[in-house]
Amino acid sequence: MPARPTHWLLKSEPHVFSFDDLWSAKKRTTMWDGVRNYQARNFMRDSMRPGDPILYYHSSCDVPGVVGLAEVASDPYPDPTQFDASSKYHDSGSDPNDPRWMLVDVRAVRRLPRVVTLADLKGERRLAKMAVVQKGSRLSVQPVTEAQWRIVLELAGVDG
DNA sequence: GCCAACGTTGGC
DNA sequence: GCCAACGTTGGC
C-alpha cells in the first residue's frame with residue numbers, strides 16, 4: 001500500500017483569490033472553501049495533514065504557474081459554505097450530521113523568487129508525470145511527489 | 001472568446 | 001447501468 005501523499009499542488013484563479021490575497025490574509029491563512037469535486041475533497045479529507053507543503057498554482061490567467069509555497073494549516077473539517085444558503089457553494093443535499101464537503105486551512109509560506117510557469121513545467125522532462133501538465137487536467141487539489149517538489153523548487157531558484 | 005476535456009446529472 | 005446532455009475548467 002502506497003504511503004499517503006505528503007506534498008500538494010493547489011490551483012486558484014488569481015482574479016478570485018491570488019497568492020497575494022492569501023499572503024495578506026489574517027495569519028496568512030484561509031479556509032480552502034468551495035471545493036466541489038469528490039477527488040479533490042478526498043485528498044483534503046483523507047490525506048492532508050497539518051504542515052504538508054503546498055505549491056500554490058495560478059490558473060485561468062495570463063501566465064499560469066506556481067507562484068508561491070504554502071502549507072496545510074489545519075486538520076480537515078466541514079466546509080461551512082455548504083450549509084450557507086446565501087453562498088454560491090451552498091449544497092442543500094449535504095446533511096449537517098454527515099457533511100459532504102470537507103476542507104483544510106491553508107497558510108502562505110513564501111513567494112517564489114521566480115514564477116515556475118506551466119510552460120516551464122511542461123518543458124521539464126522530469127515533470128512529465130505531474131498531474132498539472134497532463135492534457136485536460138482539471139483537478140484543483142493534486143498530490144505532488146517529493147521528487148517533483150524538489151524539481152519545481154529548483155526551477156524556482158529555491159535551495160532545497 | 002473559443003473550445004476540448006472532464007465530471008455530474010438524469011432519463012430511460 | 002448506460003450514455004447524452006449539460007455545466008465547468010482552464011489553456012490558448
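Here is the naming used below: chain letters follow the sequence lines, and residue numbers restart at 1 for every chain. In this text, all values refer to a predicted model and were calculated from it rather than measured experimentally.
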Chi angles and distances behind the side-chain hydrogen bond (donor to acceptor under 3.5 Å, both in side chains) call for D20(A), S18(A): CA-CA 5 Å; D20(A) 278 347; S18(A) 68; 5.0 Å; no
CZ on R49(A) to CZ on R4(A), rounded to 0.5 Å: 5.0 Å
side-chain hydrogen bond (donor to acceptor under 3.5 Å, both in side chains) contacts touching residues 59-69 of chain A (sequence neighbours left out): none
Those residues of residues 89-106 of chain A lying under 4.0 Å from DNA chain C by at least one heavy atom: none
Ring pair (Phe, Tyr, Trp, His ring centres under 6.0 Å) partners of Y38(A), counting only residues at least two apart: W101(A)
Check: Y56(A) ring centroid to H58(A) ring centroid under 6.0 Å: yes
Integer-rounded Å distance: dG11(C) C1' and K122(A) NZ: 7 Å
Nearest-angstrom distance from the residue atom NE2 of H15(A) to P of dG10(C): 11 Å
Centroid separation F43(A) to W32(A) less than 6.0 Å: no
The helix from dG1(B)-dC12(C) to dC12(B)-dG1(C): angle between end helix axes, five pairs per end, rounded to 10 degrees: 10°
Chi angles and distances behind the side-chain hydrogen bond (donor to acceptor under 3.5 Å, both in side chains) call for S137(A), Q142(A): CA-CA 10 Å; S137(A) 165; Q142(A) 306 179 356; 3.2 Å; yes
Nucleotides 4-9 of chain C: protein proximity per nucleotide (B base, S sugar-phosphate only, - neither; heavy atom, under 4.0 Å): ---BBS
Donor + acceptor pair across side chains of D120(A), T117(A) (<3.5 Å): yes
salt_bridge(E71(A), R110(A)) N-O dist < 4.0 Å: no
Partner set under side-chain contact (heavy atoms from CB on, under 4.5 Å) for T145(A), not counting sequence neighbours: A147(A), Q148(A)
